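Nothing here was measured: the structure is a model prediction, and the numbers come from that model.
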Amino acid sequence: MIDLRNRIALVTGASRGIGRAIVEALARQGAYVVAASRGDNAVPTVEAVQAAGGRAEALSLDVTDAGAIERAVQNIVAKHGRIDIVVSNAGITRDQLLLRMKRDDWDAVLATNLTATFTLCQAVLKPMIKQRGGRRRRRG
């Protein structure tokens, strides 16, 4: 087991399935987990983590909204001082034969599964690099 005490983790798609399992695993290893999903869908995940003695909070987040991602990251850093771990797990499917697939469905899959990951990584890299740079200066 990896010791993740004093680590802040952000997990998207945290309401069920793989995302919920990731949140629970990180919390068992000691991380404080921000469990993000649409609406209040991550609340049951957070309640389960807390009932097991872990630390977590739910975050309502539409990962296809770049501004919402940026604000969420800023709020997490303001509240917790940093983000150490990011898991971009949010994803959707719109399974259909190519001939029947609507363009809106295609665009939704790309926005959720690809663009959101890109946007989230860009947003968290800024504070992570600052945090890392600050650590390096203190050592030297």
For the atom pair [atom1] ([X]) and [atom2] ([Y]), what is the distance rounded to the nearest 0.5 Å?
{"X": "Arg7", "Y": "Leu26", "atom1": "CZ", "atom2": "CG", "answer": "12.0 Å"}
{"X": "Met101", "Y": "Asp107", "atom1": "CE", "atom2": "CG", "answer": "10.0 Å"}
{"X": "Leu125", "Y": "Lys130", "atom1": "CG", "atom2": "NZ", "answer": "13.0 Å"}
{"X": "Ile69", "Y": "Thr12", "atom1": "CD1", "atom2": "OG1", "answer": "8.0 Å"}
{"X": "Asp3", "Y": "Gln29", "atom1": "CG", "atom2": "CD", "answer": "9.0 Å"}
{"X": "Asp40", "Y": "Leu59", "atom1": "CG", "atom2": "CG", "answer": "12.0 Å"}

On a heavy-atom basis, which atom in [X] and which in [Y] lie closest, and how many Å separate them?
{"X": "Asn113", "Y": "Gly91", "answer": "OD1-CA, 3.0 Å"}
{"X": "Val46", "Y": "Ala56", "answer": "CG1-O, 3.5 Å"}
{"X": "Glu70", "Y": "Ala123", "answer": "OE1-CB, 3.7 Å"}
{"X": "Pro127", "Y": "Val73", "answer": "CG-CG1, 4.0 Å"}
{"X": "Ala35", "Y": "Val23", "answer": "CB-CG2, 4.1 Å"}
{"X": "Ile92", "Y": "Ala108", "answer": "CD1-O, 3.4 Å"}

For the side chain of [X] and the backbone of [Y], is there at least one donor-acceptor N/O pair under 3.5 Å apart?
{"X": "Asp105", "Y": "Arg94", "answer": "no"}
{"X": "Arg5", "Y": "Ala31", "answer": "no"}
{"X": "Asn41", "Y": "Arg38", "answer": "yes"}
{"X": "Arg100", "Y": "Gln96", "answer": "no"}

Close side-chain approach of [X] and [Y], heavy atoms under 4.5 Å:
{"X": "Val87", "Y": "Leu10", "value": "no"}
{"X": "Val43", "Y": "Glu57", "value": "no"}
{"X": "Gln131", "Y": "Lys126", "value": "no"}
{"X": "Arg20", "Y": "Pro44", "value": "yes"}
{"X": "Lys102", "Y": "Trp106", "value": "no"}
{"X": "Thr64", "Y": "Thr115", "value": "no"}
{"X": "Glu24", "Y": "Val49", "value": "yes"}
{"X": "Val124", "Y": "Ile76", "value": "no"}

If Ile, Leu, Val, Met, Phe, Trp and Tyr residues are connected whenever their side-chain heavy atoms lie under 4.5 Å apart, and connections chain through other members, are [X] and [Y] in the same group?
{"X": "Ile8", "Y": "Val33", "value": "no"}
{"X": "Leu4", "Y": "Val34", "value": "no"}
{"X": "Val11", "Y": "Ile85", "value": "yes"}

Practice item. Output, in order, the C-alpha distance, side-chain angles, deciding distance and verdict of side chain to side chain contact (heavy atoms under 4.5 Å, CB included) for Met128 and Val86. Key: CA-CA 10 Å; Met128 283 181 162; Val86 178; 3.7 Å; yes

Exercise for review: Decide yes or no on side chain to side chain contact (heavy atoms under 4.5 Å, CB included) for Leu114 and Thr117, but give the supporting numbers first.
Suggested key: CA-CA 5 Å; Leu114 297 176; Thr117 297; over 6 Å; no

Practice item. Can you establish whether the number of heavy atoms outside Leu97 located under 6.0 Å from its atom CG is more than 12? Key: yes

Review point. Do Ser37 and Ser15 have side-chain N/O donor and acceptor atoms under 3.5 Å apart?
Key: no

Exercise for review: Kindly indicate, with the supporting measurements, whether the criterion side chain to side chain contact (heavy atoms under 4.5 Å, CB included) is fulfilled by Leu120 and Val63.
Suggested key: CA-CA 8 Å; Leu120 181 62; Val63 296; over 6 Å; no

